[in-house]
Amino acid sequence: MMSSLSLGLKTACIEKRGSLGGTCLNVGCIPSKALLNSTHLYHQILHDTKQRGIEVSDVKVNLDQLQKAKETSVNGLTKGIEILFKQNKVDYFKGTGSFINEHEIKVDAIEGGENATLKAKNIIIATGSEATPFPGIEVDEERIVTSTGALALKEVPKRLAVIGGGIIGLEMGSVWSRLGAEVTVIEFQNAIGAGMDAEVSKNTQKLLGKQGLKFKTGTKVVSGKREGDVVKIEVENVKNGKSETLEADVLLVAVGRRPYTAGLGLEKIGVEVDEKGRVVMDQEFRTNKPHIRVIGDVTFGAMLAHKAEEEGVAAVEYIKKGHGHVNYGAIPSVMYTHPEVAWVGQNEEQLKAAGIKYNVGKFPFLANSRAKTNLDTDGFVKFLSDKETDRVLGVHIIGPNAGEMIAEAVLAVEYGASSEDIARTCHAHPTLSEAFKEAAMATYDKAIHF
């Protein structure tokens, strides 16, 4: 919305949640990071500070205050967007939007809003996604929850079962594990962290296992049912069909997200949707109705807030200037467990499948001076570069500060840098980023400090 206004377009935004910022800000990235950060501090005080010479006694969790701190972060940011709207003269309509025809949208107001009919020359669909339901499992957001319920539990469950070993499941599993829950992650595939490089996935599972998370990979969930205050989950081994029943106090269903278009009235105006429910678009974000464009989770690609943001800017630039840019090969992914996991570009499995010859370079944080002094040495940086040209094809990091460090890798991929370009760039000492430089050195030649 900001980008359209800055380009001189009169802009209106319709939102039915009652607060701005979408899934990410309200029930996704922001509240989950608040809980991950707070619980990491708690976990450090319990298990890590003594060896650093800091002795703390009588450590307790006040879950109400933990949740209040989370809400303070969320509320401050949502109100901040409202202020930005006012400063930039974006008209904010609180309500549910639906198409009357190709150029008119009806707004059914929620509390604090007003009914309206808006007419627009250009329309952008950015309705996002919702948690994918699991067939036969009924969510009540109390004992059987989606990520939304998992962010708002009023007490720490003794046993938490998680269906899905992707980023959402592992982050939420980490939060409640740190607070004392026995966490079991059930994953249909043989590896966790969908989209991760296989070597990184394997190491992530090992490190999270050391923290107390249990994993049942290659395991299919047959059913899940609440019986009083207990949830019984029937599972079976994918390979041999052996079945067992697991019991949990809370079951988190985290099998992914799906595009959200309910009540939008796309069928009324003939906007095309594919078999996965995604609104179909061309390279300029146009639907089959050229003046209606689409961005974010509701269309194809990674369901990531920063991907949607790039698309939003590009879509408005196409409207105003006739050109825009999103490089889908340079969209980073981050998992905010500890250690963090981040990656951009292609992984080894993808390069092998495509028949691309490549070099691998790695450097462990164990050999990095800042990581050693921080007593935080798990993980490594891994580079993949083209065997002939040395162009960086992918970077995969597991370790401290991975989510921030990946930005340098995204820039390298965006500009077509070689691993030698990065290796010959001066990095400050002592910093964790030196491990990034050394991994690049190891890719085209040899690391100095390992």
Side-chain angles (χ1 to χ4, degrees), residues 23 26-28 31-40 42-43 46-47 58-71 74 130-188 192 208-209 211-237 242-258 337:
T23 295
N26 288 278
V27 290
S32 65
K33 261 79 272 176
L35 291 181
L36 280 158
N37 189 50
S38 295
T39 57
H40 176 56
Y42 172 67
H43 196 262
L46 275 186
H47 303 288
D58 196 30
V59 186
K60 293 176 184 174
V61 169
N62 181 332
L63 192 54
D64 283 347
Q65 186 56 40
L66 205 72
Q67 294 287 17
K68 276 180 190 172
K70 175 200 76 178
E71 292 304 322
V74 170
E130 62 181 349
T132 302
F134 195 99
I137 296 181
E138 193 175 329
V139 169
D140 59 15
E141 296 297 13
E142 289 179 0
R143 293 289 172 180
I144 301 178
V145 300
T146 64
S147 55
T148 300
L151 286 165
L153 295 179
K154 292 180 174 61
E155 60 182 22
V156 179
K158 188 180 176 195
R159 300 162 300 176
L160 172 68
V162 181
I163 306 176
I167 290 178
I168 293 172
L170 296 175
E171 286 186 350
M172 288 295 93
S174 289
V175 163
W176 296 106
S177 171
R178 292 166 184 170
L179 294 177
E182 296 171 11
V183 177
T184 303
V185 178
I186 308 158
E187 170 56 51
F188 184 80
I192 62 167
L208 292 178
Q211 293 172 22
L213 276 76
K214 294 174 183 172
F215 294 92
K216 285 188 171 291
T217 55
T219 302
K220 177 184 177 183
V221 173
V222 179
S223 67
K225 193 174 182 183
R226 178 175 177 173
E227 295 182 8
D229 287 341
V230 174
V231 182
K232 292 191 176 178
I233 309 116
E234 300 284 339
V235 302
E236 66 178 42
N237 186 288
K242 186 180 176 185
S243 61
E244 64 176 311
T245 301
L246 306 176
E247 288 192 358
D249 301 289
V250 173
L251 171 64
L252 166 59
V253 180
V255 291
R257 298 184 65 82
R258 66 181 184 182
T337 50

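- Nearest heavy-atom pair across Val183 and Gly173 is CG2-O, 3.5 Å.
- Atom NZ of Lys242 is separated from atom CG of Asn237 by 8.5 Å, given to the nearest 0.5 angstrom.
- Distance check, rounded to the nearest 0.5 Å: CD of Glu155 to CG of Asp64 gives 11.0 Å.
- Note that OG of Ser38 is 10.5 Å distant from CG of Leu63, once rounded to the nearest 0.5 Å.
- By the 4.5 Å heavy-atom criterion applied to side chains, Val221 and Val253 are not counted as neighbours.
- Side chains of Pro133 and Arg258 form a contact here, defined as non-hydrogen atoms less than 4.5 Å apart.
- You'll find the side chain of Val61 stays beyond 4.5 Å of the side chain of Val156, heavy atoms only.
- Between Ile137 atom CD1 and Lys225 atom NZ the span is 12.0 Å, to the nearest 0.5 Å.
- Of the N and O atoms on the side chains of Lys68 and Gln65, not one donor lies less than 3.5 Å from an acceptor on the other residue.
- In this structure, the side chains of Arg226 and Asp140 come closer than 4.5 Å at one or more pairs of heavy atoms.
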Chi angles and distances behind the side-chain contact (heavy atoms from CB on, under 4.5 Å) call for Phe188, Val255: CA-CA 10 Å; Phe188 184 80; Val255 291; over 6 Å; no
Atom pairs and distances, side-chain donor-acceptor, residues 147-154, under 3.5 Å, sequence neighbours left out:
none

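- A donor-acceptor pair under 3.5 Å is formed between the side chain of Glu141 and the backbone N or O of Thr146.
- Judged as a side-chain hydrogen bond (donor to acceptor under 3.5 Å, both in side chains), the pairs with a partner in residues 168-178 (not counting sequence neighbours) are, in order, Lys33-Glu171, Thr39-Arg178.
- Shortest non-hydrogen contact noted between Glu142 and Val250 is O-CG2, 4.1 Å.
- More than 12 heavy atoms of other shown residues, nucleotides or ligands fall within 6.0 angstrom of atom CD in Glu247.
- Taking each heavy atom of Gly165 and Leu170 in turn, the nearest pair found is O-CD1, 3.5 Å.
- The distance from the OG1 atom of Thr219 to the CD1 atom of Ile233 is 12.0 Å, given to the nearest 0.5 Å.
- Annotation for Gly28 and Ser32: closest pair O-OG, 2.9 Å, computed over non-hydrogen atoms.
- For the side-chain contact (heavy atoms from CB on, under 4.5 Å) test with Arg159, the passing option among Val230, Thr184, Leu251 is Val230; the others fail.
- Between Arg257 and Thr132, the closest heavy-atom pair is C-OG1, 3.1 Å.
- Scanning both residues, Val185 and Gly164, for their nearest heavy atoms gives CG1-O, 3.9 Å.
- Remark: of the listed residues Val145, Leu160, Asp249, Ile144, Ile144 is the sole one forming a side-chain contact (heavy atoms from CB on, under 4.5 Å) with Val231.
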